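Report on the structure given below.
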Amino acid sequence: MMVFSLFARATIFASELKAPPFRAEIYADSDKTAGTRVQTLFFDFRAATRISSNESDESKTNFGTIFSTKALIPKTKSGFSFPLTAKAGNLSTGGAFSRLNNPTLSAGSSPFTTNSPPPPLLTASLPSYTGFSKPESYFFQAELSFPAFIQATANSLITPEAETPVVSAEVRSFLAKKQFSINLSAIAGQFSYEANSFNSWFSEQAYYNGGKHFCALTTLSTSLAPSKSKKKTSFTTSFTAGFYESPFGTMPVNLRGEINFKNQKFETFVSAFYNPQEGLITSSQKSIPSIIQAKTGFIVKKMITYTATPQLIKTGFNVFSEYDFIHPEPPVTANLGFQFSDNLKTLSFSASLKMTIPMPPPSYLPDNPDFDSLSLQLKNQWNFKYISPGAGINITFPKKGTNDESVQKFKISASLTGNTKSKISANAAFSFNLKNGEIENKKLTAIITGRLTLKNLTILGKLSTTIE
């Protein structure tokens, strides 16, 4: 199967006008999608439509618009500001709204990154030209800033995904000449849930009818970043309490805590999540069992300066596990990586191991961990004056004792990016499975993108193909 996709986009800048800067954008591709964007300092509008290839299917459309007073109302001499922002259209939500939908920890992560601070507010962004799945929503935000000691922000989202407007707010206070800050934030709304119609003597969850419930998160976080620290040290903490109304009228609470430490040579983090309520229903109708989750990791950085070209060696490790009170067989995910980089190249190797720890009755000896899967990845990126080539390989070994025991999964990738003003980049990936010495499920994907920048015009193009 071969699929070709070609699009072109033009961007026009009216930089010579004395009026507020104006930007127009036009988009089209071979999937019968067309879009446009008009942007000024205080206004941004984007719209797209896709004509269906099948006569029985309806055409898809999306739009989004932003109005902001940030560029219209300047700050006072003391730095005081009160900007307002309004958005409407098929908005993509994120930030604290995503955390409200799923408050648990994430198992997988790169060994070269540590946890980022929790998002304090819900966010909403304009839809992409090819995104047609989001409902029509409305977003409003007000900010109040006294830079010397406090900042406050409040926003609201009206969306079909919630029964009432979803509201979030944040208050950030600065101390010790902004070297220490305390942040208090919250998000809340009312959401619907479907009935749990399945019920039997062996069911782990009781029957309940569909209805509406209140969901909220409250987060208290701190940040310490001494400006006189030569090692650029920072220390952050956050504590979150989640409240999700049960169909039976109770308000169970789940807790999440995170600690992060970072300087020029070392980074580390510790995260934990605790939910005592079995079958907790979140705002996205996700059911969370009664679990305890924990995750920790570190990154060590070493600069070698006695060589002709200084090199940075980075070692990263993190591990995740959870304990389910109903099904006590904790899964464990461990990630380990080594990275070598200098001015010309970045070479990295990483491994990800997944296993399960059996929990026998107390009278039995503990069993050995069950191996689930092992993934190995090797990547290299070069940085030359005019081009930046790259290559990588990923191999996954599945769990033993399953039907896929003898199936290894391979993925080989290559990339080439131009570093000139008119950029051209190419990416290709070939994946396949190796079973009993035979290759199957072969798939090749290739993408070429180009960018041509003129005085008042930017043209972008993309050609992609998939062969299976």
Side-chain angles (χ1 to χ4, degrees), residues 66-87 91-103 105 113-125 139-157 165-189 215-229 231-243 253-263 267-273 283:
I66 300 176
F67 176 80
S68 176
T69 64
K70 287 185 178 181
L72 298 178
I73 304 177
K75 296 181 180 180
T76 63
K77 294 182 179 181
S78 62
F80 170 78
S81 62
F82 186 63
L84 303 174
T85 303
K87 303 179 183 181
L91 305 177
S92 298
T93 57
F97 192 77
S98 299
R99 178 69 67 90
L100 185 67
N101 288 337
N102 184 12
L105 301 179
T113 59
T114 55
N115 279 5
S116 57
L121 296 166
L122 69 89
T123 60
S125 57
F139 174 86
F140 306 93
Q141 179 167 291
E143 303 174 52
L144 179 64
S145 176
F146 295 92
F149 59 94
I150 194 170
Q151 290 180 351
T153 304
N155 57 32
S156 177
L157 176 72
V166 183
V167 179
S168 70
E170 173 194 20
V171 177
R172 184 183 298 271
S173 179
F174 300 99
L175 303 171
K177 298 181 179 180
K178 293 189 176 183
Q179 296 182 86
F180 180 75
S181 65
I182 301 176
N183 181 36
L184 178 63
S185 61
I187 180 173
C215 304
L217 291 179
T218 301
T219 302
L220 174 65
S221 60
T222 63
S223 176
L224 175 63
S227 58
K228 296 182 179 180
S229 174
K231 296 183 179 181
K232 298 182 179 180
T233 301
S234 65
F235 181 76
T236 61
T237 65
S238 69
F239 177 80
T240 302
F243 305 88
V253 180
N254 59 78
L255 305 174
R256 176 168 173 165
E258 298 175 77
I259 299 176
N260 295 267
F261 174 83
K262 180 187 297 185
N263 62 25
E267 300 178 26
T268 186
F269 72 92
V270 177
S271 303
F273 173 80
S283 53

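Every value quoted in this text rests on a predicted model; they were computed, and no experiment measured them.
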Minimum-distance pair of heavy atoms, taken over all atoms of [X] and [Y]:
X      : Y      : answer
Thr218 : Ala186 : OG1-CB, 4.1 Å
Val171 : Ile150 : CG1-CD1, 3.9 Å
Phe139 : Leu157 : CB-CD1, 4.2 Å
Thr69  : Pro83  : OG1-CA, 3.5 Å
Val253 : Ala241 : CG1-CB, 4.4 Å

Under 3.5 Å, side chain of [X] to main-chain N/O of [Y], donor-acceptor pair present?
X      : Y      : result
Ser68  : Lys70  : yes
Ser283 : Leu100 : yes
Lys87  : Ala124 : yes

Is there side-chain contact between [X] and [Y], with at least one heavy-atom pair below 4.5 Å?
X      : Y      : value
Thr123 : Thr93  : no
Val166 : Phe97  : yes
Thr240 : Phe273 : no
Ile182 : Phe174 : no
Ile66  : Thr85  : yes

Ignoring hydrogens and angles, state whether a donor on the side chain of Ser238 or Ser221 is under 3.5 Å from an acceptor on the partner side chain.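 No, no side-chain donor-acceptor pair sits under 3.5 Å.
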Does either side chain, that of Thr237 or that of Thr222, offer a donor lying less than 3.5 Å from an acceptor on the other one? yes
Going through the checks in order, is the side chain to side chain contact (heavy atoms under 4.5 Å, CB included) test met by Gln141 and Leu84? CA-CA 6 Å; Gln141 179 167 291; Leu84 303 174; over 6 Å; no
Which value, rounded to the nearest 0.5 Å, describes the distance between [X] atom [atom1] and [Y] atom [atom2]?
X      : Y      : atom1 : atom2 : result
Leu217 : Arg256 : CG    : CZ    : 9.5 Å
Gln179 : Ser223 : CD    : OG    : 11.0 Å
Ser125 : Leu91  : OG    : CG    : 7.5 Å
Phe269 : Ile259 : CZ    : CD1   : 12.0 Å
Ser271 : Leu105 : OG    : CG    : 5.5 Å
Glu267 : Lys262 : CD    : NZ    : 4.5 Å

Does the pair Leu121 and Asn155 meet the rule for a side chain to side chain contact (heavy atoms under 4.5 Å, CB included), with working shown? CA-CA 8 Å; Leu121 296 166; Asn155 57 32; 3.9 Å; yes
List the steps and the verdict of side chain to side chain contact (heavy atoms under 4.5 Å, CB included) for Thr114 and Phe261. CA-CA 9 Å; Thr114 55; Phe261 174 83; over 6 Å; no
